[in-house]
Structures are given as structure tokens and as C-alpha cells.
Amino acid sequence: MVVRNSEIADIFYELADFLEIEAANQFRVRAYRTAARNIESLPQNVAEMVDKGEDLTGLPGIGKDLAAKLAEIVKSGRLPQLEDIKQRLPAGLIDLLRIGEVGPRRVKMLHQNLGITGIEDLEKAAREQQVRKLPGFGPKAEEKILEQINRVRGMSPGEKRLRLPAVEQIAQSLVEVLVEISGVKRIDLAGSYRRKQETVGDLDILVACENPSEVMDRFVSYGGAIQVLERGATRSSIMLRSGFHVDVRVVPDESFGAALLYFTGSKAHSIALRKMGMKSNLKINEYGVFSGGDRVAGATEQEVYAQVGLPYIEPELRENRGEIEAALRDGLPHLITLEDIRGDLHIHTSATEGRATLKEMAVAARERGYQYIAVTDHSRRLAMTRGLNEDRLSEQIKEIDELNQTFSDFLVLKGIEVDVYEDGSLDLSPQILEKLDLVVCSIHHKFDLPGEKQTQRIIRALRHPYFIVLAHPTGRIIGEREPYEVDMEAIIRAARENGCALELNSQTDRLDLADIYCKMAKEMGVKIAISSDAHSLSELDLMRYGITQARRGWLEKPDVLNARSLEEIMEIFRQNRPASSPARTSGP
DNA sequence: GCCGTTTTCGGCCCGACTGTTTTCAGTCG
């Protein structure tokens, strides 16, 4: 497992960019991008499939030619075609595409006429007012290019996309402004925000209103905007101080459903729906569904789906990853909701790095309607968090027993988030672990082991008799740290063999497991624990981000460990233990 | 470059906004 799917996808994306600059057939370019997108969201490892000699042409968007290229990439780590094209075109041209206002056509023009090879050249040419002389460019374009260069420069890689809580705040203050406008009938947030992607590149707001001009006026004069990027009759776009873009689109009430569907995307989902429509001679656009000249649907999303013979599909599923096929065979999942959650299986207290006491956390969890929480402070190796050694853990166990005496309808489970060493052994002895209800294991050091070693480290830990949940299984920090190089399929298989569950960590910089692995675990019969990993009272509410991620991973109530009642979950934990080990916490 | 219940060839989603085009190309989503 040397080449990752994401690396293969990047090669195809890069090739597509170059081909587009060379003005290659647009459908060929599209084929590479479609293939890249599909490979990215593929749970199986392409490299592994190649090694096993599996037929890649069965994958969506992969034909004979791309299958051969995939094999080539897996075997050599390179794609000769990409290297050839890099001989002809400077690599810096790709960077130019990141600049707004500049697309492939203009990159070609800039390269051929001004010899521009990268952002530095472009900045120089624009300052010397050379760019405005080219056909299709003018002073405005030149000015915008300079602005864009500054924006791209000032941006750290993590800044480009925001995590969900940040977008929520932005959305809230904008909606407060727009909802005041007379004639506004509906406002909805669309785009990747509505699909609850891990990060959001820009925010799409959809408004149903009879007088679009007032909405446009109010929106472009919003106090948080530092620049108006576009100002049209029904669509406008602003940039906030952070560099984040917000688009507003106004449509008539009778088109709202079609527009919401269209602006929610994903692009691949929308395209698939339109193609289905075409087969029935229906044209689908953001104004509705049209048969001949007649509009036959559009007020609601349900109406539009119904026209192509589909039930309503939840936004989190709209990635064209099999949801349309599932809908056609009446096999859509009944997605998990926050209301299904009965408890939280990963929280910290002030005994280690948490900011609230054991009792405070328990009371807050009970107030949220939970039946149980598991206290899972860090183990001793994590010294900077004052990780618990066996003595301190024993004290905590006593404290939990005492606290549980005070509840009649709620139970605190005894747990630990124990560190997994490089050799796969655990940071605490079996003698103390057996006194716990729940052992959550995680990796906090040696993130960069080679894939095979990291995978074996985790598999060895999964075989430990007291291991129950693997916390933040891939260790990624979104925008900051890549996931470990692990073979997730092998880990999920080992989890199944050993009766273990995987965690979906709800911290918004983790959201680990990723959606595609949630789906893979579900399909392989491995349960998921959706956990807050709360370090404070308010962080208990992060659970809802775990839920939306779980929904993106097609998870249903039966797939989720902590959607079980206290009795059920205690029974599962009991079954998972060696027969000789004593009973522990008793129910209320 | 992919794909196929009209097709192995000839299609491939659709529209808004901007700037510089005087009728539309390029970009974006």
C-alpha cells in the first residue's frame, strides 16, 4: 500500500488542469476529473485492487485507458503522460488556476503571449500593465488579478476552507439581516454546508422573495463584507474579512425546491439527476422541471425527485456515491439522528485535561437526556495531560461508584482512553483495565510509522482482550495533519474479528472516521461509537457534528453503539470481555 | 476518455454574472 487513493486522484486532477490549459477536448478533461472524484470517495484501496489483479474498469468513470493508467501509477508511482505534459508546460501554471478571474483559457493566453510561468511572473506583468493589452483582458481584470494574488499569498493552507461551526456563525448573522426584508418568504442555506461536508469553501444562501433587488441591496451592503465580488439582479457574491465568500441567490417561491436542490448539489448528484431527467425528456434546472415548455415541478425538492421517480434523498447523502441507485431500489438508509443517541462514550474530566469535574460532566450529560456517559480520561503516558496511572485511575473508579449512588436514572461508566504503544501494547496493565466498563484506545505518538507497521500496531492492540473502541482511528487533524498511513480495510476487518467498535470523534477538527470509512465499517458489520471527546461541558454538544458526519457515512441507528440503551450497551461490553473477568458497574 | 433499454459512434448539465464582445467568451458553481 504505497500510493494512496488521494494521491492518485491528485495526479488525475493535475493532469486535467494541464490538459485544460492545453485546450484539450473538454470531455476528456471532464473524464479525468470524474475519475479523480470517484477514486477519492472510494473506500477500497486502488493500489490493493491493482496488486490483487482486480478489474478496475468496473469502477465508475474508469474505462480501459484509465484502468491502465491507474495500474501504471500504482506500480511506478508516476504517470508518464503527466510528466510529458510538464515538459511542455511550466508547473507554476497550475498555481495560476488558484487565482480567481483566471481559468485555463486565460492561463494559456498569459503563457503564450507574455511567457508567464507562475504567480511571480503574472504579478510583474500585471504591475507593468502588460496583461490589459491581451484580448479578453482589460484594466478591471488586471486589477482583480493583483488583488487575487495578494489574497492567495496571505492565505495559509488551512484558511481556505472553514469548519462547520465557523460557517454557522457567519450564516446566522447574515440570515438575521436577510430575514428582516419584506417579501422574503424563505431562507435556506445550501451548498456543501447543507450537505455537512467537513469543511466549507463558501456559503450559499437561497432566498425566496418577490423583490430580489432589495435582497441584493441589503446583502451587498452587509457590514461584514470587505468586497462585493458580484452584484446581479438575482445573484450576488461578497467576500468577508476572513476571505470567505458568501453567495446569495433569489428565486421565486414556486422554484424554491428546484433551486435548493440545485444549489445544495453536490455537482455530481445534480448532474446525475439531470441525466435521469433527460431520459424522460425532462429538463431540470434551478427553476424547476420542464416538459416541453411546461413546468411540471419545482416548489419543493420532493416534487423534483418525484419527477425522476425518486423518493426524497437527504442532503448528507447527495454525493453520487450510490444514493441514487439505493433510492431506485427503495434501499435508502434511515439515517441516525441526534435524538437516537443515548449516551457519550468518550469524555474527559479535570482529572486530566478536561475543564469540568466528573460530577459536572455527569450532570450536564444527564441534562442532555442521556442515560449514560463513559469517563475516559487519558492514561499515564500522556504526561502533559497528567494522564492517569493505576493509582489515580483506581481513585477515579471509587469516585464514580460514589457518584453513581446519587443517580437513579443515569449511570457513569468507568473508562479510560489508553495509549497504544508503538508495538501495539497498552499503557496500563490488564489488572487495572479489567476493573473498567469500557477501554477506549488511541494513538498519540509515532504518527508517522510506515503504513504496514502502523496497521499492525493497531491490529495488535485490537486483539487485546479489553479493547472495545478505537478512538479517532486515523489520527487526522483536518487541514493540519494527514491521517496515519493505515490500511483501513484491514483494521475494520480486525475490529470485526475482535468484536471491537470504531469511534467517530465529533471534534470538528477531527471528524475521524471519515464518511467513506463509516460506510465501509457499516458494510463490514462493525459498529461505530459517535463520541464527543468533550473536554468541557459545552463540548458535549459537539455530538451533533459527529451525527452529521455519521449521516454522510450512511449510518443508521442499529450501526451506532451509543444509540443503544444502557442495558443493551452493558450487555455488549460484557460479551466482549474474557469470561474470567469480574462484573463491574451495576445498573441503576 | 467514458458510456450505451433508441447508440460501439456520437453524444457528454445548465445558467448567472462580468468585462469588454458590440453578440459573446470566460469563469464559476
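Just so it is clear, the structure is predicted and the values come from calculations on it, not from any experiment. Convention: sequence-line order gives letters A, B, ...; per-chain numbering from 1.
- The residue Lys279(A) sits apart from the nucleic acid: no heavy atom pair falls under 4.0 Å.
- The C1' atoms of dG4(B) and dC14(B) are separated by 23 Å, rounded to the nearest whole Å.
- Here Arg28(A) lies in heavy-atom contact (under 4.0 Å) with a base.
- A distance of about 16 Å separates the P atoms of dT6(B) and dC12(B), rounded to the whole Å.
- Scanning all heavy atoms of the two residues, the minimum distance from Cys209(A) to Val215(A) falls at SG-CG2, 3.8 Å.
- Checked against dT27(B), dC14(B), dG15(B), the side chain of Arg105(A) finds its nearest nucleotide in dT27(B).
- At a threshold of 4.0 angstrom between heavy atoms, the contacts of Pro104(A) are confined to the sugar-phosphate backbone, with no base atom among them.
- A side chain to side chain contact (heavy atoms under 4.5 Å, CB included) with Leu261(A) is found for one member of Glu286(A), Glu301(A), Glu303(A) and no other, namely Glu301(A).
- Residue contacts shown for Ile284(A) are limited to sugar-phosphate atoms, with no base heavy atom under 4.0 Å away.
- When distances are taken from the side chain of Arg30(A) to each of dC2(B), dC12(B), dA16(B), the shortest belongs to dC12(B).
- Note on Ala233(A): only backbone sugar-phosphate atoms sit closer than 4.0 angstrom, heavy atoms only; bases stay farther off.
- Out of dC13(B), dA16(B), dC2(B), the shortest distance to the side chain of Met278(A) is found at dC13(B).
- Between dC3(B) and dG19(B), the two C1' atoms lie 38 Å apart (nearest whole Å).
- Residue contacts for Lys144(A): at a heavy-atom cut-off of 4.0 Å it reaches the sugar-phosphate backbone alone, with no base atom in range.
- Contacts of Asp202(A) with the nucleic acid, taken as non-hydrogen atoms under 4.0 Å apart, involve only primed sugar atoms and P, OP1 or OP2.
- Across all strands shown, Glu286(A) has heavy atoms under 4.0 Å from sugar-phosphate atoms exclusively, and none from any base.
- Base contact: Lys267(A) has a heavy atom under 4.0 Å from a base atom.
- Comparing the P positions of dG15(B) and dT5(B) gives an interatomic distance of 26 Å, to the nearest angstrom.
- Applying side chain to side chain contact (heavy atoms under 4.5 Å, CB included) to Met276(A) and the options Ile284(A), Ile271(A), Leu310(A) leaves one that passes, Leu310(A).
- Counting any heavy atom pair closer than 4.0 Å across all strands shown, Thr234(A) reaches sugar-phosphate atoms only and no base atom.
- The phosphate of dA16(B) has neither OP1 nor OP2 within less than 4.0 Å of any side-chain N or O from Arg231(A).
- When the C1' atom is compared between dT27(B) and dT20(B), the two are found 15 Å apart, to the nearest whole Å.
- For the residue pair Thr57(A) and Asp55(A), a side-chain donor N or O sits within less than 3.5 Å of a side-chain acceptor on the partner.
- Tyr32(A) comes within contact range of the sugar-phosphate backbone alone, with a heavy-atom separation under 4.0 Å but no base atom that close.
- Counting only N and O atoms by type, the side chains of Gln227(A) and Glu147(A) include a donor and acceptor under 3.5 Å apart.
- When the C1' atom is used for both dC2(B) and dT8(B), the distance is 12 Å, rounded to whole Å.
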